[in-house]
Amino acid sequence: MEKFTLLQSTAVPLPIEDIDTDQIIPARFLKATTREGFGDNLFRDWRYQPDGSQKADFILNNPIYKGAILVAGRNFGCGSSREHAAWAIADYGFKAVVSSFFADIFKGNALNNGLLPVTVSDSFLNKIFEAIENDSNAGLEINLENQSISISNSSEVEYFEMDPYKKICLLNGYDDIDFLLSQKTIISTFEENNRYPFNPIN
Amino acid sequence: MAKTLFDKIWDNHVVNTVEGGTAVLYIDRHFIHEVTSPQAFDGLASRNIPVFRTAQTIATADHNVPTVNQHLPISEPLSKFQVDKLIENCDKYGVSLYGLGHPYQGIVHVIGPELGITQPGMTIVCGDSHTSTHGAFGCIAFGIGTSQVEQVLASQCLLQLKPKQMRINVEGTLHQGVTAKDVILYIISKLTTSGGTGYFVEYAGSTIRNLSMEGRMTICNMSIEMGAKGGLIAPDEKTFDYVNGKKYAPKDAAFDQAVSYWKTLPTDEDASFDVEFTFQASDIMPMVTYGTNPGMGMGIRQSIPQPLDPANRNSFDKSLAYMGLQAGESLLGKEIQHVFIGSCTNSRMEDLRLVAEYVKGKQKAPHVKAMIVPGSKQVEAQVISEGLDLIFKTAGFDFREPGCSACLGMNEDKIPANEYCVSTSNRNFEGRQGPGARTILTSPLMAAAAAINGKIIDVSLD
Ligand code: SF4
């Protein structure tokens, strides 16, 4: 996994609440057996007409807005556990998603792919939307070490929460699996001593 | 110290604790399916490591499969590729697969319980958010992403922070025509689609205790629709009776021993929860959803509300525009074009018996396309042995072979754009049942009634 330390970028605003994973990547695009290429179908049905032409009013089709940060309304990523949603966002080129609330499974999936979910207050989220609305070149700076997010050219800054273990992983580019594999002896001992006593398939 | 059901199971499965309190949590059962597993197996291959505990891993093909002519090769090439990949991976890594053609094939959350793989006190995961279904047996069951599928395949463990705990009590007797599905749609409409985020939910109270195991599964299934990590219900005699005799259930002395352990699991009387809600069964009417998330639901005799929070106005208006509905409108008498009875929420025997009882001797409305998709091969066989398939066919319903089907429209079973589908599934998201499809979530009874009448009616008055 790629390391995440500091990100300075303009942002793409999507001020809609409860964006579910079926919007991020519709089920009919989940037939691939690799992790690549999902970015092309990110927000497919919001982004394209059924005939494949672009919907002009969707934000990703507006050349004024670009950058590596997606800023979205409350309760982003609710619904299915499909990690394809995180893959699609990362594959499109986003490195962080900012919202005032994330669904649990999405947050976990994003973190496992080096895509940083940044939870800010509702009021800070509104300040970001306003800043981008006033100037599409308004930049954001996300500093993972300090757990801070700031709006450039302003004094607006907020600190976000972060699971300390996940922070170490992201700063160093580690994944959970390396850690779990290092635990195998402890896991085997646990199985011998504490195994769920009625394990019929085994 | 007094413990909850959740605490007891959790504590029994913590292998180790790391930085910031994250637990290495041991997983007893891991279900996999064709859509969220291929990249995980690729990960194992690239690291050249085996599946750590094959005997605790069970696979089925459900999301992508056709629901007609399952004995023929899958015609859609990408679906076929994905299902073939699952067969290949299970073969290569020694994982048991209940694939197409197997008498135990079916939706992953239907087959686990009916085979007795799901048992009280276990930790269960699957790369699917409705894994919460298994919580009906008193286990910690939750959905995971593909990276985590890979982690469990590699180590039989996951790194998890302990979630907060919520208890939802439902008390009293349900009205005529009101089912478990209405109870959970009601709860979600009160708590919203994000009201449970960060929590694991225990459902309790006399209404929940009086539900069958099927009804409890319907409740726990939709826990994720309020954002909860999972839901669970204390195991009791009903649970033990259901598990007893199932293929993979413990037998004889081992079963008695298991039951005495399971009886120690329910929440201690003085245990506390981070938050607790109580609802009255008498307040619950047959439910319908009017929007594009499961929290946008109401009693059938109510009208679509105005948005409560002005800040949420855009999302609310967008949602109603998608559905072709307006605030203030009632759905009673709303004409519909499709009915889908199926999905891991409502495709078990109890659901299908209820539908059969209602439609027996009646005819569906001519303009409605009505589809019934059983949850598993075992359910399908039981339906046929009870002759219910004939009742369905005589009433004009299309009785199909098992799979996820129109719940998520990955196979051919899609609802056309702008048409209304009354569906017993769990999600009414935009495009969930096909691009532009308009989903109205209800109970199987409400769906059956909508098919017969060609429009939405109130089954509690029927
Ligand atoms: S029936 Fe629907 S909700 Fe259930 S597992 Fe299949 S796709 Fe998911």
Side-chain angles (χ1 to χ4, degrees), chain A residues 15-18 20-23 26-28 30-35 45-46 50 73-75 78-84 86-87 101-106 108-109 112-113 122 126 163-168 175-177 179-181 183-184 186-187 190-191 194 196-202, chain B residues 12 15-16 18-20 22 24 26 28 35-36 38-39 42 55-56 64 78-79 81-82 85 117 119 121-122 127-129 143-148 150-151 154-157 159 161 193-194 197-198 227 229 248-250 254 258 261 293 312 314-315 318 408-410 427 429-432 435:
Chain A
I16 300 171
E17 304 202 344
D18 302 322
D20 59 76
T21 49
D22 278 72
Q23 306 320 312
R28 61 188 191 282
L30 306 186
K31 298 189 188 204
T33 54
T34 64
R35 292 174 184 239
D45 294 336
W46 287 356
R74 212 182 143 70
N75 196 26
C78 59
S80 118
S81 62
R82 61 186 71 159
E83 193 161 318
H84 313 67
W87 298 337
F101 201 86
F102 287 94
D104 279 333
I105 306 182
F106 176 80
N109 286 341
N112 280 333
N113 286 279
D122 282 312
N126 283 333
D163 169 357
Y165 166 76
K166 275 293 168 193
K167 180 172 171 179
I168 297 172
D175 22 354
D176 286 357
I177 200 152
F179 179 79
L180 285 168
L181 289 172
Q183 300 277 299
K184 273 201 172 168
I186 309 177
I187 296 169
F190 172 89
E191 286 179 327
N194 297 285
Y196 176 76
F198 320 105
N199 216 354
I201 298 197
N202 214 351
Chain B
N12 278 343
V15 174
N16 198 358
V18 295
E19 191 69 36
T22 296
V24 176
Y26 191 78
D28 293 314
V35 176
T36 56
Q39 294 87 350
D42 279 357
Q56 286 157 257
N64 233 332
L78 288 174
S79 297
F81 185 73
Q82 215 169 38
K85 196 88 197 160
I117 296 170
Q119 295 169 27
M122 288 182 165
D128 188 285
S129 58
I144 57 177
T146 297
S147 296
Q148 293 172 308
E150 183 181 338
Q151 290 159 25
S155 70
Q156 207 57 34
C157 286
L159 287 158
L161 269 176
T193 182
S194 60
T197 305
K229 192 168 181 74
Y248 292 110
Y261 169 62
N293 73 55
N312 193 11
N314 276 348
S315 310
K318 182 176 185 302
L408 88 167
M410 269 192 89
R427 286 190 173 141
F429 296 152
E430 280 185 35
R432 173 81 178 179

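Contact of Ile144(B) with chain A is made through the backbone alone, with heavy-atom distances under 4.5 Å. Residue contact with chain A, scored on non-hydrogen atoms closer than 4.5 Å, involves the side chain of Arg427(B) exclusively. Both the backbone and the side chain of Asp176(A) come within contact range of chain B, each with at least one heavy atom under 4.5 Å from a heavy atom of that chain. For Ile177(A), the parts lying near chain B are the backbone and the side chain together; criterion is any non-hydrogen pair under 4.5 Å. The part of Thr22(B) that comes within reach of chain A is its side chain, from C-beta onward, which places non-hydrogen atoms under 4.5 angstrom from that chain. Residue contact with chain B, scored on non-hydrogen atoms closer than 4.5 Å, is absent for Phe106(A). Interface residue Val24(B): only side-chain heavy atoms are found under 4.5 Å from chain A. Asp122(A) does not touch chain B: none of its heavy atoms, backbone or side chain, sits under 4.5 Å away. Heavy-atom distances place the side chain of Val18(B), and not its backbone, under 4.5 Å from chain A.
Judged by distance alone, with hydrogens and angles left aside, the side-chain atoms of Ser194(B) form no donor-acceptor pair with the main-chain N or O of Asn75(A) at under 3.5 Å. Under the 3.5 Å distance criterion, the side-chain polar atoms of Gln23(A) are matched with a main-chain donor or acceptor of Glu430(B).
Here CG of Leu408(B) is found 7.5 Å from CG of Asp22(A). Values are rounded to the nearest 0.5 Å.
Put simply, of Leu161(B), Asp42(B), Thr36(B), the one with the most heavy-atom pairs under 4.5 Å next to chain A is Leu161(B). Ranked by heavy-atom pairs shorter than 4.5 Å toward chain B, the options Asp45(A), Thr21(A), Thr34(A), Ile168(A) are led by Thr34(A). Looking only at heavy-atom pairs under 4.5 Å with chain A, the residue among Ser147(B), Gly431(B), Gly145(B), Gly409(B) that has the most is Ser147(B). For chain B, the option among Arg28(A), Arg35(A), Arg74(A) with the highest count of heavy-atom pairs below 4.5 Å is Arg35(A). Ranked by non-hydrogen atom pairs under 4.5 Å with chain B, the options Lys166(A), His84(A), Lys167(A), Arg82(A) are led by His84(A).
The side chain to side chain contact (heavy atoms under 4.5 Å, CB included) check on Asn12(B) picks up Tyr261(B), with sequence neighbours excluded. With sequence neighbours excluded, the residues that form a side chain to side chain contact (heavy atoms under 4.5 Å, CB included) with Asn126(A) are Phe129(A).
A salt bridge is absent between Asp104(A) and Lys229(B): the closest approach of a Lys/Arg side-chain nitrogen to an acidic carboxylate oxygen does not fall below 4.0 angstrom.
Val15(B) is listed as a side-chain neighbour of Ile186(A), based on a closest heavy-atom distance under 4.5 Å. For the pair Asn293(B) and Cys78(A), the minimum side-chain heavy-atom distance is 4.5 Å or more. Put simply, the side chain of Glu83(A) does not reach to within 4.5 Å of the side chain of Gln148(B), judged on heavy atoms. Put simply, the side chain of Asn112(A) reaches to within 4.5 Å of the side chain of Gln151(B), judged on heavy atoms. Considering only heavy atoms from C-beta on, Ile16(A) stays 4.5 Å or farther from Asn314(B) through its side chain.
For the pair Ser81(A) and Ser129(B), the tightest heavy-atom approach, listed with the atom from each and the gap, is OG-N, 3.3 Å.
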